[in-house]
Amino acid sequence: MRVAVLGAGLMGSAAAYRAKAVGFDVILWNRSIEKAEKVAKELNIAASGSLAEAVSKAEVALAFLADDDALLHVASGLPRADGLIFANFSTVTPRASAAAAKVLEGRGICYIETPVVGGPRVLREGKAIALVAGPQRCFRAARSAIDALSSEVIFVSEEVGKASALKLAYNNLLISYVASLAESLALAESYGLSPQDFKGLLVKTAFKELAERYFDRLLEEAPPGFKLSLAAKDLEYFCIAASEKHVAVPVACSAAQLYKLAARAGLAEKDYTSIYKFLKDVGVRR
Ligand SMILES: NC(=O)c1ccc[n+]([C@@H]2O[C@H](COP(=O)([O-])OP(=O)(O)OC[C@H]3O[C@@H](n4cnc5c(N)ncnc54)[C@H](OP(=O)(O)O)[C@@H]3O)[C@@H](O)[C@H]2O)c1
């Protein structure tokens, strides 16, 4: 299959690696061409700084873009490309996803949203969980590309926006959980308890799996797998999506503010688990 990967960030690079590993013909596009060229050289694939060139021979475009603006910027920058499938793996608002679908429809491009649960490491191994919404026929046409990246594919709806809503619902839980874990750990430590005292309790409870997965990542200041700025963005999008349906989500919106503060304090490019470091530093300063 011929695929164009749009976005050479952490996720796009991982997807390009996986697509090449399963034998696809891959071309990598990025807004800043230097990044695409660097990754493409490492993977021995083609790179382009031109969207038109990147999709000219592709059957499916796989988009891994930061946010709503990036998605709409790329969708508006694409030329007419009859028959191309645009699979959007980025986490965006349902509204932006529907807007991108409309822009692309006018250019003969069929849009499906395919947000994934799982970070770059999981994607490189082809083990993400893909949530799909959009026309069934376009899903079928892009299926082998989605399968290459995922161990589970859940078709959510023909209605674009529903997979994005499901992804935001999931990410709110995960990102808010990490902030709560960080707060609880900081509180326990302030009373002279060790991280192991707290983890020792968690692993005896329903939080066992989550504690084993995230506890050490908080403490060791892991290299970025999921940037803190994107976690802040996801919570903000969750709040926007909720307000459009008049759903009250005060916990998520207050967690969004916390992550935004941390991003502004210089942690935007760090892993989102750096929220623990931010809380500790704020605590020390007060
Ligand atoms: N990392 C994860 O664990 C994870 C997991 C699931 C889903 N996601 C989602 O996947 C998407 C990509 O995440 P990532 O971790 O790969 O982020 P990333 O490393 O920050 O990469 C972001 C990409 O978006 C591009 N971009 C930003 N603004 C743009 C604009 N206005 N126009 C065109 N391109 C633009 C960047 O291009 P430049 O290089 O030119 O800045 C880069 O290629 C996000 O929506 C994220 O929420 C991430």
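The structure displayed is predicted, hence computed values, not measured ones. Position 1 is the first residue of the sequence; numbering continues from there.
The OG atom of S184 lies 10.0 Å from the CG atom of L201; values are rounded to the nearest 0.5 Å. To the nearest 0.5 Å, atoms CG (D68) and CD (E236) are separated by 9.0 Å. Rounded to the nearest 0.5 angstrom, H73 NE2 and L78 CG are separated by 10.5 Å. The CG atom of L174 sits 9.0 Å away from the CZ atom of R213 when rounded to the nearest 0.5 Å. To the nearest 0.5 Å, the span separating CZ on F207 from CZ on F198 amounts to 8.5 Å. Once rounded to the nearest 0.5 Å, the distance linking CG of L261 with CG of L279 reads 10.0 Å.
Between K208 and E212 there is a salt bridge, since a side-chain N of the basic residue sits under 4.0 Å from a carboxylate O of the acidic one. In summary, E34 and K38 do not engage in a salt bridge, as defined by a charged side-chain N under 4.0 Å from a carboxylate O. Note on K167 versus D234: no salt bridge recorded, every NZ/NE/NH1/NH2 to OD/OE distance being 4.0 Å or above.
For the pair L230/T91, no side-chain contact is recorded, criterion being any heavy-atom separation below 4.5 Å from C-beta on.
A search for salt bridge (Lys or Arg N to Asp or Glu O under 4.0 Å) contacts involving E220 returns nothing, not counting sequence neighbours. For D25, there are no side-chain hydrogen bond (donor to acceptor under 3.5 Å, both in side chains) partners two or more places apart in sequence or in a different chain. In this structure, T114 has no side-chain hydrogen bond (donor to acceptor under 3.5 Å, both in side chains) partners at least two apart in sequence or on a different chain. With sequence neighbours left out, K162 forms a side-chain contact (heavy atoms from CB on, under 4.5 Å) with V156, S157, E159.
Here disulfide (SG to SG under 2.5 Å) pairs that include residues 12-42, with residues two or more places apart or in two chains, number zero. A salt bridge (Lys or Arg N to Asp or Glu O under 4.0 Å) check over residues 74-93, counting only residues at least two apart or in different chains, returns the pairs R80-D82. Judged as a disulfide (SG to SG under 2.5 Å), not a single pair has a partner in residues 52-83 (not counting sequence neighbours). Contacts classified as ring-ring contact (aromatic ring centres under 6.0 Å, His included) and involving residues 77-119 (residues at least two apart or in different chains) are given here: F64-F89, F86-Y111. Pairs engaging residues 207-279 under the disulfide (SG to SG under 2.5 Å) rule: C239-C253 [sequence neighbours left out].
No donor-acceptor pair under 3.5 Å is formed between the side chain of R2 and the backbone N or O of V55. Remark: the backbone N or O of P94 is not paired with any side-chain donor or acceptor of S97 at under 3.5 angstrom. Counting only distance, with no hydrogens or angles, the side chain of S90 and the backbone of D67 share no donor-acceptor pair below 3.5 Å. Side-chain atoms of S50 come within 3.5 Å of backbone N or O of E53 as a donor-acceptor pair. A donor-acceptor pair under 3.5 Å is formed between the side chain of S274 and the backbone N or O of D271. A donor-acceptor contact shorter than 3.5 Å is absent between the side chain of E113 and the backbone of N88.
Heavy atoms from other residues, nucleotides or ligands lying under 6.0 Å from CZ of R217 number more than 12. For F215, the CZ atom counts as densely surrounded, since its 6.0 Å shell holds more than 12 non-hydrogen atoms of other residues, nucleotides or ligands. Other residues, nucleotides and ligands contribute more than 12 heavy atoms inside 6.0 Å of the NZ atom of K233.
Cluster note: L168 groups with Y237, F238, I240, V247, V249 through ILVMFWY side-chain heavy atoms spaced under 4.5 Å, whether in direct contact or through intervening members. When hydrophobic side chains of Ile, Leu, Val, Met, Phe, Trp and Tyr are connected at separations under 4.5 Å, V203 ends up as a singleton with no cluster partners.
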Scan the side chains in residues 118-146 for donor-acceptor partners under 3.5 Å anywhere in the protein, sequence neighbours excluded, and list what turns up.
residue: R143; atom: NE; partner: D147; partner atom: OD1; Å: 3.1
residue: R143; atom: NE; partner: D147; partner atom: OD2; Å: 3.4
residue: R143; atom: NH2; partner: D147; partner atom: OD1; Å: 3.4

Determine, step by step, whether V116 and L149 satisfy the side chain to side chain contact (heavy atoms under 4.5 Å, CB included) criterion, reporting the C-alpha distance in whole Å, the side-chain angles of both residues, the deciding distance to 0.1 Å, and the verdict.
CA-CA 9 Å; V116 283; L149 302 175; 5.9 Å; no
